[in-house]
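For the numbers below, each heavy atom of this structure counts, side chains included, while hydrogens, waters and symmetry mates do not. As the structure lists them, so they are numbered: ligands from 1, and atoms in each ligand from 1.
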Amino acid sequence: MNLAAIAKPWVGALATYQPGKPIEEVARELGLGDPERIVKLASNENPLGPSPRALEAMRTAASRMHIYPDGDSYYLREALARRFGVSRDEVFLGHGSNEILALLGHVFLEPGVSAVMSEHAFVVYKLVTALYQGTIIETPARELGHDLDAMRAAIRPDTRVVFIANPNNPTGTMIPADALHRFIDALPEHVAAVLDEAYVELLPPRLQPDVLRYVRERRNVFVLRTFSKAHGLAGLRIGYAIAPPEGIALLNRVRQPFNVNAMAQAAALAALEDDAHIARTRALVEEGLDQVSQALAGMGIDYVPSSANFLLVKVGNGRGYFDALLRRGVIVRPVDGYGLPEYIRVSIGTRAENERFLDALALVREEWSSS
Ligand SMILES: Cc1ncc(COP(=O)(O)O)c(C=O)c1O
């Protein structure tokens, strides 16, 4: 059998996404026994879990899982449209915002076409561009964040997509609203801007940029959001795009008929109404960021101030710290694949989880400095 020999040659060259290690796998590998003893701060999940309202909706939905989902996600699109003051035909649901990124690649990217993205930006932009054999144009970061002037200058006649993560993962950096505005204003007609706002609900509303105005103005813009982070539904895989109707119609042409499952639709609909859960989550993240950043500062360890629910921490040897923390049952994320070998990324957890991380970090540091 030689399936690789008969596959399309470029597929063999594609990189596979490396997800954060699941708790069970780490427990097995390290013989740590009880998974309860392991703290996972590797995938920017919500430490409070799903909204109680979403849990109730999932319980109710469970007995109807023999029925195909609503292929149009009618009620959820309706609810999102109402909440954001857009129309239903400006809303698209996906199997996580990752699926929507891939579908955007399906719509816009092919050999001979390029996509612009920033150094240290969310890795899926590169994976998707490679998947559709587009050319990756990566612009240098400015203070680890997106340099929109450089990104604008990098746009070529063959560019079709510019990917912008705001806040960005893994750096936690945020683009100033006026810079984003200037960028969108100067966006050429032949380019679509993908504004990936996976973490935006974690910010207080006054700090959330008003990007939906670009949709109302019918710019070439796709705003991407997800139920994975602030809403605590990462396991269900559900995200959405808000864009002018013409853009949504293109996405609908390339998606599978039932790309969003019924459980996810029910939970998301309930979660969307649970403002109290978002407020609790926001408060927990804010306190956790204070707790971890103050402790790091006290230890003399540099970190990047974050607008999201994780921190990029400068430890020196990121991969080494990742391994050493893992052996102590704390899972963080190495980010050498992002061109950041000196850093680890740690998600904000509960107060107790953050303490576990900080204690383990102090121990590893002591060990390394004495060896
Ligand atoms: C910037 C960014 N965009 C998109 C996603 C994908 O989220 P989803 O779970 O909706 O696929 C993530 C997940 O980590 C992310 O960090």
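For the residue pair Y199 / N309, no side-chain donor-acceptor distance below 3.5 Å is found, with atom types taken as modelled. Side chains of D70 and S73: no donor on one and acceptor on the other come within 3.5 Å. A side-chain N or O of Y125 and one of D196 form a donor-acceptor pair less than 3.5 Å apart.
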All N/O donor-acceptor pairs, side-chain side in residues 96-107, below 3.5 Å, sequence neighbours left out:
| unit_1 | atom_1 | unit_2 | atom_2 | d |
| --- | --- | --- | --- | --- |
| E99 | OE1 | H95 | N | 2.7 |
| E99 | OE1 | N259 | ND2 | 3.1 |

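Counting protein heavy atoms only, atom 1 (C) of ligand 1 is closest to D196 OD2, 3.5 Å. When only non-hydrogen protein atoms are considered, atom 12 (C) of ligand 1 lies nearest to F122 CZ, 3.4 Å.
Note on ligand 1: Y199 sits in its first shell, one or more heavy atoms being nearer than 4.0 Å.
Nearest-residue assignment for atom 7 (O) of ligand 1 (options A198, S43, A308, S97; heavy-atom criterion): S97. With atom 9 (O) of ligand 1 as the reference point, the heavy atom nearest to it among A165, G94, S228, G239 is part of S228.
Of all atoms in ligand 1, numbered sequentially from 1 with element shown, those under 4.0 Å from a heavy atom of N169 are 1 (C), 14 (O), 15 (C), 16 (O). Every atom of ligand 1 is numbered from 1 in the order shown, and the set under 4.0 Å from a heavy atom of T226 is 8 (P), 9 (O), 10 (O). Numbered from 1 in the order shown, with element, the atoms of ligand 1 that lie under 4.0 Å from a heavy atom of R237 read 8 (P), 9 (O), 11 (O).
Inclusion of K229 in the set of residues having an N or O under 3.5 Å from an N or O of ligand 1 is warranted.
Annotation: Y17, atom OH; neighbour count of heavy atoms from other residues, nucleotides and ligands within 6.0 Å is above 12.
In terms of the salt bridge (charged side-chain N to carboxylate O under 4.0 Å, His left out) criterion, D359 has no residue partners (sequence neighbours excluded).
Taking 4.5 Å as the limit, every side-chain heavy atom of L289 sits out of range of all side-chain heavy atoms of E286.
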